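Everything below concerns the one structure shown next.
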Amino acid sequence: MFERKGHGEFWDGALRVSVPFTGAGPLKRLKAGTKVLLSGTVYTARDAAHKRMVEALEKGEELPFPLDGQVIYYAGPCPAPPGRVIGSLGPTTSGRIDVYAPRLCAAGLKGMIGKGKRSKAVLRAIAKYGAVYFATIGGAGALLSEAVKEAELVAYPDLGPEAIYRLEIVDFPALIAVDPMGRDMYDR
Amino acid sequence: MYVRASDIEDLVRELCIKAAIELPGDVALALLEASRKETSALGREILGALLKNAEFARERRIPICQDTGLTYVFLDVGRDVRIEGDLKEAVTRGVARGYQEGYLRKSVVKDPLFHRENTGDNTPPVIHIDIVPGSDVKVTVLPKGTGSENMSAIKMLTPSAGPQGVMDFVLETVRQGGPNACPPLVVGVGVGGMMDTAAFLAKKALLRPVGDSNPDPEIASMERQLLTAINNLGIGPGGFGGSTTALAVHIETYPTHIGALPVAVNLQCHAARRATGVLRGAEKPCSKERDTGSSGTGL
């Protein structure tokens, strides 16, 4: 998987990016349209988990994980079958999270991974807070789950597949869809 | 002729798992053909990844996509068949077992409005039953994800809009929703009847093998024109740009009212999953005979 030889050199020429983001330095290099391979820690969250996190922020309550510099992957996994870290795990549609994303960017979130276009409000929040939106391959959940090396349930287990998981990923393929300047790959 | 409800349950269980894991052969073939014709290098890379994803899912026995959908079950029940047991209960139990035993994602909430609590076993399914000639029970499972479903649309056109109005609405729906719906798409279009008929036909259009045309030459021509127009939108594989935005356009029609021209567009992602099996009726009660097969032949 994601090997650099054979099979047409999948995601060849991609920029390797470490997550989460600490300090402003690494983000400045990111430009919309660039292929990347992400490695490090990310957290999964879909609509229901975002709703709870935003409600917690409004009430001044602690979040399940500190947002500062972190990256959220808009995804909900299949259960892990025996012998696998996690089941299939591709991106869900980012547009559904648009209503919550600016609030999280304001609270320190630096990266989002999903699929599809973002709203104008999210583009403005990304530019304002110097965040980044990565789009990955929708419907390639089997392949993408190979980049997940560890998975741990962090919060909201009652939400089932919509619970928050901490993932350790290695060479997870994506594209920079909206860069920290607010430039949108989908707008070309 | 007799078919046991418990055999239908077992078949539904098996088809849920098979549909989630094995991309139908016709869809894989269409993706392969698209990867040869795609003009964008990134587009070709995405199509290659989708083919590899399908191969990988089949080898590892894991779902093609984590969104294993709300489960649609279509049953063609032969009119000479007597079902031994409760058909709908059997289908529902089959879905619950398939999703639990197959490690598929449970994506159904009980109350859409207020509580949105996950039912925990992906039930209830949506069940459509048709009575057909013969003594078999044919079962087709179509797991439908929301990425593409949320980008679907319906419009109550009136007769003056004509075929052009229908084509404009289909194209506009794909233009608006295409990048989010996991392209390349299969575009199901239902025209006619009333509002619910059009929507149902658009869903049923997704059951047709990719590459097959409507038998009516005028409708088939409209399908080809729409496919060309959609691919000229440039949305491309994964929405990242390119010449492959749809693999096929399937239009189904039904007679309608003199004052009506309803049109529904049901978008389906490239993971256009479905699986079919047939149970043959037995002469005597308590039959066990079964013949299963998929709608595709594999990669």
Side-chain angles (χ1 to χ4, degrees), chain A residues 1-3 7-14 33 35 44 46-48 51 75-84 86-96 114-118 135-146 158-163 173-175 177 185-188, chain B residues 20-21 23 35 42 44-46 48-68 99-100 102-109 116-120 145-148 150-151 176-184 234-235 237-241 269-272:
Chain A
M1 238 314 277
F2 309 140
E3 66 270 45
H7 278 100
E9 310 238 336
F10 179 63
W11 235 235
D12 192 27
K35 280 196 263 185
T44 65
R46 293 171 49 97
D47 323 38
K51 184 165 184 276
C78 284
R84 292 193 70 83
I86 201 145
S88 289
L89 185 52
T92 195
T93 308
S94 306
R96 289 200 323 273
K115 69 171 165 88
K117 297 186 284 189
R118 307 308 301 264
T136 186
I137 309 168
L143 204 59
L144 292 171
S145 72
E146 274 293 278
D158 58 301
L159 293 180
E162 297 202 82
L175 286 150
M185 181 189 77
Y186 288 104
D187 204 23
R188 291 185 306 192
Chain B
I21 290 174
L23 189 68
S35 72
L42 179 59
R44 286 193 297 275
E45 199 166 5
I46 300 289
L50 297 181
L51 284 162
K52 197 167 171 183
N53 182 65
E55 189 187 318
F56 196 77
R58 190 181 287 260
E59 277 171 10
R60 305 286 203 282
R61 305 304 296 165
I62 58 173
I64 296 161
C65 174
Q66 76 290 338
D67 187 352
T68 48
Y99 277 69
Q100 278 158 344
Y103 299 93
L104 312 185
R105 197 179 80 181
K106 289 77 177 174
S107 313
V108 178
V109 292
R116 298 193 68 87
E117 281 163 10
N118 198 302
T119 61
T146 42
S148 53
N150 280 347
M151 299 296 129
Q176 290 292 328
N180 291 354
C182 289
I235 293 167
F240 302 132
C269 60
H270 54 73

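Throughout, protein chains are lettered first and strands after them, A, B, ... in sequence-line order, and every chain is numbered starting at 1. It should be emphasised that the depicted structure is a prediction, and the values quoted were computed from it without experimental measurement.
B/Q66 places a side-chain N or O within 3.5 Å of a backbone atom of A/G90 that can act as its donor or acceptor partner. The backbone N or O of A/A142 lies less than 3.5 Å from no partner atom in the side chain of B/R60, so there is not a single donor-acceptor pair.
Once rounded to the nearest 0.5 Å, the distance linking OG1 of A/T136 with CD1 of B/I46 reads 7.5 Å. To the nearest 0.5 angstrom, B/C65 atom SG is 12.5 Å from A/I137 atom CD1. Taken to the nearest 0.5 Å, the CD atom of A/E146 stands 3.0 Å off from the CZ atom of B/F56. The CG atom of A/L159 lies 11.0 Å from the CZ atom of B/R116; values are rounded to the nearest 0.5 Å. Atom CG of residue A/L89 and atom CG of residue B/D67 lie 12.0 Å apart, to the nearest 0.5 angstrom.
Listed here is the closest heavy atom pair of A/R84 and B/I62: CD-CG2, 3.7 Å. Across every non-hydrogen atom of B/E45 and A/D12, the tightest pair is OE2-N, 3.6 Å. What you find for B/L50 and A/G138 is that their closest heavy atoms are CD2-O, 4.1 Å.
A/P81 touches chain B through backbone and side chain together, each having a heavy atom under 4.5 Å away. No part of A/R118 comes within reach of chain B, as not one of its non-hydrogen atoms sits under 4.5 angstrom from that chain. Residue contact with chain A, scored on non-hydrogen atoms closer than 4.5 Å, involves the side chain of B/L42 exclusively. Using a 4.5 Å cut-off between heavy atoms, B/L104 contacts chain A through its backbone alone, with no side-chain atom that close. The part of A/T93 that comes within reach of chain B is its side chain, from C-beta onward, which places non-hydrogen atoms under 4.5 angstrom from that chain.
Among A/C78, A/P161, A/G160, A/A48, the residue with the largest count of heavy-atom pairs under 4.5 Å with chain B is A/C78. Most heavy-atom pairs under 4.5 Å with chain B: of the set A/A140, A/A75, A/G87, this distinction falls to A/A140. Across A/S94, A/G141, A/P82, A/G139, the residue that shares the most heavy-atom pairs under 4.5 angstrom with chain B is A/G139.
A search for side chain to side chain contact (heavy atoms under 4.5 Å, CB included) contacts involving A/A135 returns A/Y133, A/A177, A/Y186, B/F240, not counting sequence neighbours. Qualifying side chain to side chain contact (heavy atoms under 4.5 Å, CB included) partners for B/K106, counting only residues two or more places apart in sequence or in other chains: A/P79, B/Y99, B/Q100, B/N118, B/N122.
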